[in-house]
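Order of the sequence lines sets the chain letters (A, B, ...), proteins ahead of strands, with each chain counted from 1.
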Amino acid sequence: MLLAELVTVTDAVAATSSRLAKVAALAELLRRLEPDEIGPAVGFLLASPRQGRLGVGWRSVTSLDVAHAAEPGLTVLDVDAALDRLAAAEGPGSASARAAELKGLAGRATSGEWDLLTRIMLGELRTGALEGVLLDAVAQAADRAAPSVRRAAMLSGDVGETARLALTGTAAELGAVGLQVGRPVMPMLASTASSVADALATIGGPQARGAASIEFKLDGARIQVHRDGDEVHVYTRSLADITHRVPEIVEAARQLPAERVILDGETLTLDEDGAPRPFQDTMARFGSESEVAALLRPWFFDILHLDGRDLIDEPLSTRLEALARVAGAARMPGIVTDDVAQAEAFSRDALAAGHEGVMVKALDAPYAAGRRGKSWLKVKPVLTYDLVVLAVEPGSGRRTGLLSNLHLGALDPMGEFGEPGGFVMVGKTFKGLTDATLRWQTEHFPTIETRRSAYALHVRPVTVVEIAIDGVQRSSRYPGGIALRFARVKGYRPDKRADEADTIQTLRALLRG
DNA sequence: TTCCGACAGTGGGGTCGCAAT
DNA sequence: ATTGCGACCCCACTATCGGAA
């Protein structure tokens, strides 16, 4: 198949807001693919090529200057082969080898094809169709039930292979795709609740008769651990195999009293007193190839398979019983209760121990791989501060033409970081903005503009905005030495003056809890 | 007819390894 | 030795479509 056909279809998909129309257009395309084109094409449609990391980012794409082809000629398999060569380049000279490969590809592509190719390589198509819509399209094209396609994709962790199987295999083969020890599963995800009481009410239902599992929520990295005898693999949330980086977790898995097991959990590093280290310190270890002093410790909160028995379709209550037999000291602290006061007390314990908060989970729910449903709710404390807008950046995509991303400053009353009474930038945010707020920003900020830079409109520091954050972290980027974590807008505060804003000292005090 | 679950988009912070400088 | 890039860990929130109620 020609790449140009994907251009036509993805343009059509982007042009309609109807998901049914997107699914129909994608299904029609999928039906026309040859079997060996399905894997590559699905990778393109998800902007997640099957080759994985290509070593190609925004910089390498935009620094190219090539004349494009006048007529389409590239096929899906041509592009797949070019991406193979890009992914294979490493070592000295690899950057120029990749640049040459990119240049060759760009020269063979029409400008429309190159536009699609760059979006594929940069990982964002923005056509309003990703995994969910594409899986529906696969089901439609293959004439299979959507849930069976989705389940196969989630349990195999591989949408491309699932599409190939659905389109070329039998329904029975698709239905036979299941858990396999050693092959990662898309992890189950959580929604957010505003309080433990709310979470318990949601989980327990209107009558709140059902109890829930309340568990510590740790500020670390998600891990999925597979053990088959002495063979152990550790995967990240995005299913990357990081076994070689975490020997201490491999060793811990080998100590478990089970032969074949799949566990879901979280890992982080502790300080000498056994208190959790900041997320940044955990990431320094988790992201590193080399062994350093700080050891990662695993905590397991779920079990998907135990010694020949799949548990994903069992209720959480059954899975927790199995986990209790296997995990020992590596079991995530948790209680089962229907009592709000008891759950809240447990949440306070989690926070007192230095953790993020708690998870509240429905005991009757199966392990819904790849789903972000209401069966798991996270509850974390939210802090709010009044900060001052220093600049605004124009938005992109559906925020094109609107002023979107805010630069936020804290008051510096003593002039520790500049003029007394000035402001120190502590982060940015684009979150929490409604369409109405975006329109208001776009009208308001030009009226107090002081200067424009390449990326932002700088304004007089007079606009106070209430910002919610989860906390602060060390920063080498910002002059105050801290950055906001997960900042989002709660609302503008026209009733407040800038000199009433919260101070950099107040925010810095959060660093040490 | 209204409600709500699921999805996609819009970007934020930091950390690492690696190649180029 | 330093710098810039790419990859990837954490993440909140709003708008929208279309099936469920």
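- Closest approach to the S404(A) side chain among dG14(B), dC8(C), dG11(B) is made by dG11(B) (side chain taken as heavy atoms from C-beta onward).
- Taking each heavy atom of M425(A) and P479(A) in turn, the nearest pair found is O-CD, 4.0 Å.
- At a non-hydrogen distance threshold of 4.0 Å, K428(A), F430(A), K431(A) from residues 426-434 of chain A come into contact with DNA chain B.
- No donor-acceptor pair closer than 3.5 Å links the side chain of R493(A) to the backbone N or O of G491(A).
- Nucleotides of DNA chain C nearest to W58(A) and S17(A) differ in position, and the one nearer the 5' end is that of W58(A).
- D435(A) comes within 4.0 angstrom of sugar-phosphate atoms only, judged by non-hydrogen atoms across all strands, and of no base.
- Straight-line distance from the CZ atom of F486(A) to the P atom of dC13(C): 11 Å, rounded to whole Å.
- A95(A) comes within contact range of the sugar-phosphate backbone alone, with a heavy-atom separation under 4.0 Å but no base atom that close.
- Residue-level contact check: K378(A) touches the backbone only, with heavy atoms under 4.0 Å from sugar-phosphate atoms and none from bases.
- Considering only the side chain of S288(A), dC16(B) comes nearest among dG14(B), dC16(B), dC11(C).
- G52(A) comes within 4.0 angstrom of no nucleic acid atom, judged by non-hydrogen atoms across all strands.
- D143(A) CG: 12 or fewer foreign heavy atoms inside a 6.0 Å radius.
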For nucleotides 1-9 of chain B, read 5' to 3', which letter fits each nucleotide if B means a protein heavy atom sits under 4.0 Å from the base, S means only the sugar-phosphate is that close, and - means neither? ----SBBSB
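- When the nucleotides dC10(C), dC13(C), dC11(C) are ranked by their closest atom to the side chain of A221(A), dC10(C) comes out on top.
- The residue T282(A) sits apart from the nucleic acid: no heavy atom pair falls under 4.0 Å.
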